[in-house]
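Below is one structure, written out as C-alpha cells; comments come after it.
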Number of protein chains: 2
Amino acid sequence: MTGPTAALSTRERLIFAAIQLFWEKGYANTSMSDLLTAAKANSGSFYHFFPSKEDLLLAVLDTYFTMLYPQMLAPAWEGIDDPIERIFALLARYRMLVLQTECTYGCPIGRLALEISPEQEEVHRLLAKNFDGWTAAVRGCLEQAADRFPPDTDHERLSEFVLVVMEGGVMLSRSHRSVKPFDQAVAELRAYFNRLQESAKTIRKGKGD
Amino acid sequence: MTGPTAALSTRERLIFAAIQLFWEKGYANTSMSDLLTAAKANSGSFYHFFPSKEDLLLAVLDTYFTMLYPQMLAPAWEGIDDPIERIFALLARYRMLVLQTECTYGCPIGRLALEISPEQEEVHRLLAKNFDGWTAAVRGCLEQAADRFPPDTDHERLSEFVLVVMEGGVMLSRSHRSVKPFDQAVAELRAYFNRLQESAKTIRKGKGD
DNA sequence: GTCTATATACGGATAGAC
DNA sequence: GTCTATCCGTATATAGAC
C-alpha cells in the first residue's frame with residue numbers, strides 16, 4: 001500500500017475485491033471470474049501476483065490483521081476512554097455491521113474459520129492470529145480496568161469469552177435474520193460484567209474496613 | 001426411516017452421506033460425485049428423490065432437527081438428573097466431538113449458518129429452527145432449576161447465551177487446533193452460572209429472615 | 001506488468017433405457 | 001426405482017504475444 005490517497009495497485013485491488021467477496025460469498029463460492037471482474041484485472045495479472053487462489057486468501061488474512069486497529073478498533077474507540085465501555089463499543093460496532101447487512105452479517109474471520117479445511121494449516125494459523133489480535137485488544141482493556149474486577153479475574157480467558165459471545169451472537173442473528181439474538185448475547189455479557197464489578201466493589205469494601 | 005435395524009434406503013443413504021460430507025467439507029465443497037460415491041447411489045437415483053442439491057440440504061436439516069433429542073440430548077443426559085449439570089453435560093459432549101476430530105470440529109449447523117447465502121431463506125429458517133430446538137432444551141433445564149437463579153433471570157436469553165458460548169468456543173478451538181479456547185469459554189460460563197446461583201442464595205436468605 | 005485465448009477438469013443436472 | 005452416458009456451463013490455471 002502506498003498511502004490513503006494513492007490509486008490502488010492491481011495487487012491491492014485484487015486483495016480488496018477478495019476481502020469483499022470472501023466476506024459476502026465465502027472462499028469456495030467466490031470464483032476467479034467474480035474476483036477478476038470486481039478487481040478489474042485479468043487472469044494474467046492475477047497469476048503474476050499470486051501463485052494460486054489460496055495465496056490470495058493468505059494475503060487477505062494478512063491485510064485483515066493489519067486493518068484490525070485502524071479499521072475496527074480505532075473507529076470503535078473514538079471518543080471513548082473508559083476501558084470497559086471500549087469493549088462494549090467494539091461490540092456495538094459489530095451490531096452496526098449486523099444492521100447494515102440486514103442481519104445477514106457473518107464475521108469474515110469466523111466464517112473462514114468454519115469453512116476452510118483444517119488441512120490448510122497456514123490459513124488457520126492466520127485465522128487464529130486474527131482472533132488473537134482481537135482478544136489481545138480486549139485483554140488490554142480488561143487490564144486497564146483490572147481494579148474494577150475481582151482480583152482473581154483471568155483476563156485472557158475473559159477476553160476470549162468476549163470474542164466467543166460476539167461470534168456466536170453474529171451467527172445466531174444471521175440465521176434468525178434478526179439483531180435480537182446478538183443483542184441478547186451482548187446484554188447477557190453486560191450482566192455478567194456488572195456482576196463481576198459489583199463483586200469487586202464488595203471485596204474492596206471488605207478490605208477497606 | 002423404517003427402524004433402527006432395517007437396512008437404509010437409498011434416500012436415507014443419501015441423507016446420511018450428506019450429513020457426513022456437509023459437516024466435513026461444507027455444502028458448496030461437497031460435490032454430487034462425492035455424495036453419490038459415499039451413498040453408493042447414482043445420479044438417476046438422486047434426482048428421483050431430490051429435485052436439487054439444495055433440497056437434499058433441507059432434508060438434512062430436517063433430519064438434524066429430528067435427531068437432536070435421540071442423538072445429542074439423550075446421550076448427554078444419561079445418568080444426569082440435575083438440570084444445571086445437564087447443560088454442562090451437553091457442552092461436555094461437544095468437547096468430546098472437538099477431541100474426536102483433533103480439534104477440527106465445526107458445529108454442522110453453525111457452519112452452514114455462516115456458509116449458506118442469506119437468499120436461501122428456507123435453509124436459514126431450518127437452521128434457526130435447529131438452533132431454537134437446542135436453546136429450548138437448555139431453557140427447559142433452566143426452568144427446572146429456576147429457584148436456583150435470581151428471580152429476574154431471563155431463561156430465554158440465558159439459554160441462547162449458552163448456545164452462543166458453545167458455537168464461539170467450537171469456532172476458536174478449530175482455528176487454534178486446541179481444545180483450550182473451548183474449555184476456557186465453558187469455564188467462564190460456569191463461573192457466571194456459579195455467580196448467578198450464589199446471588200440467588202443470598203437473595204433467598206434475605207427473604208427468609 | 002497486462003492482455004486474450006484457451007487448456008483441462010469438474011460442477012450440477014438430465015435423458016432415456018431397463 | 002436404478003442405471004449409464006452425457007449435456008453444458010463454469011472452475012482454476014496456463015500459454016504466449018505485447
Side-chain angles (χ1 to χ4, degrees), chain A residues 1-3 6-61 63 111-112 115-117 119-123, chain B residues 1-3 6-61 63 111-112 115-117 119-123:
Chain A
M1 284 183 255
T2 51
L8 293 176
S9 70
T10 301
R11 193 187 130 93
E12 288 163 345
R13 289 203 314 279
L14 285 164
I15 290 176
F16 286 110
I19 284 179
Q20 182 74 18
L21 287 165
F22 291 170
W23 173 52
E24 283 173 7
K25 304 167 54 107
Y27 174 72
N29 280 319
T30 296
S31 72
M32 289 303 299
S33 88
D34 291 337
L35 221 35
L36 299 178
T37 304
K40 296 193 208 302
N42 55 55
S43 175
S45 294
F46 180 91
Y47 287 99
H48 173 73
F49 292 109
F50 303 101
S52 73
K53 189 182 168 188
E54 183 178 342
D55 291 276
L56 173 64
L57 175 56
L58 296 174
V60 161
L61 293 176
T63 306
R111 173 179 198 151
L112 291 167
E115 172 182 353
I116 301 300
S117 160
E119 279 123 62
Q120 297 179 248
E121 296 189 5
E122 183 69 11
V123 176
Chain B
M1 286 186 256
T2 51
L8 292 176
S9 70
T10 301
R11 193 188 130 92
E12 288 162 344
R13 288 202 314 279
L14 285 164
I15 290 176
F16 286 110
I19 285 179
Q20 182 73 19
L21 288 165
F22 292 170
W23 173 52
E24 283 174 7
K25 305 166 56 106
Y27 174 72
N29 280 318
T30 296
S31 73
M32 290 303 298
S33 87
D34 290 338
L35 221 36
L36 300 178
T37 304
K40 295 192 208 302
N42 54 55
S43 175
S45 294
F46 180 91
Y47 286 99
H48 173 73
F49 292 109
F50 302 100
S52 73
K53 190 183 168 189
E54 182 177 343
D55 291 276
L56 173 64
L57 175 56
L58 296 174
V60 161
L61 292 177
T63 306
R111 171 179 199 150
L112 291 167
E115 173 182 352
I116 301 300
S117 160
E119 279 124 64
Q120 296 180 248
E121 296 189 4
E122 183 69 14
V123 176

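Numbers restart at 1 for each chain; the letters A, B, ... are given by sequence-line order, proteins then strands. Since we're looking at a predicted model, the values are computed, not measured.
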Which atoms of nucleotides 7-9 of chain C (N or O only) lie under 3.5 Å from a protein N or O atom, and what are those distances?
none

What does the list of N/O pairs under 3.5 Å between the protein and nucleotides 3-5 of chain D look like, with a distance for each?
{"residue": "D/dC3", "atom": "OP2", "partner": "B/N42", "partner atom": "ND2", "Å": "2.6"}
{"residue": "D/dC3", "atom": "O5'", "partner": "B/N42", "partner atom": "ND2", "Å": "2.9"}

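Of the residues in residues 32-39 of chain B, those placing a heavy atom less than 4.0 Å from an atom of DNA chain C are B/M32, B/S33, in numerical order. Non-hydrogen atoms lying under 4.0 Å from DNA chain C are contributed by B/S52, B/K53, all within residues 49-59 of chain B.
With sequence neighbours left out, A/E121 forms a salt bridge (Lys or Arg N to Asp or Glu O under 4.0 Å) with no residue at all. With sequence neighbours excluded, the residues that form a salt bridge (Lys or Arg N to Asp or Glu O under 4.0 Å) with B/D34 are B/K25.
For the OP1/OP2 pair of D/dT14 and a distance below 4.0 Å, the side-chain nitrogens and oxygens of A/Y47 include no atom meeting the criterion.
Atom P of nucleotide D/dA15 and atom CZ of A/F46 are separated by 16 Å, given to the nearest angstrom. When the P atom of C/dG11 is taken as reference, atom CG of A/N29 falls 14 Å away, rounded to whole Å.
No engagement by A/S9 is indicated, since no non-hydrogen atom pair under 4.0 Å with the nucleic acid exists.
Closest to the A/H48 side chain, of the nucleotides C/dG12, D/dA11, C/dT2, is C/dT2.
Note that CD1 of A/I15 and CG of A/L61 are 10.5 Å apart. Values are rounded to the nearest 0.5 Å. Rounding to the nearest 0.5 angstrom, the gap separating the CD atom in B/E24 from the OG1 atom in B/T30 is 8.5 Å. Taking CG from A/D55 and OH from A/Y47, the interatomic distance works out to 10.0 Å, rounded to the nearest 0.5 Å. To the nearest 0.5 Å, the span separating CG on A/N42 from OG1 on A/T10 amounts to 8.5 Å. For the atom pair B/L36 CG and B/S31 OG, the distance stands at 8.0 Å (nearest 0.5 Å). Residue B/R11 holds its CZ atom at 9.0 Å from CG of B/L56, rounded to the nearest 0.5 Å.
Taking 4.5 Å as the limit, some side-chain heavy atom of A/L58 sits within range of a side-chain heavy atom of A/V123.
Proximity of a side-chain donor or acceptor of A/Y27 to a complementary backbone N or O of A/R111 within less than 3.5 Å is not detected. With A/E115 contributing its side chain and B/E115 its backbone, the two residues share no donor-acceptor pair below 3.5 Å.
Shortest non-hydrogen contact noted between B/L21 and B/A38 is CD1-CB, 3.9 Å.
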Trace of the side chain to side chain contact (heavy atoms under 4.5 Å, CB included) decision for A/F50 with A/K53: CA-CA 7 Å; A/F50 303 101; A/K53 189 182 168 188; over 6 Å; no

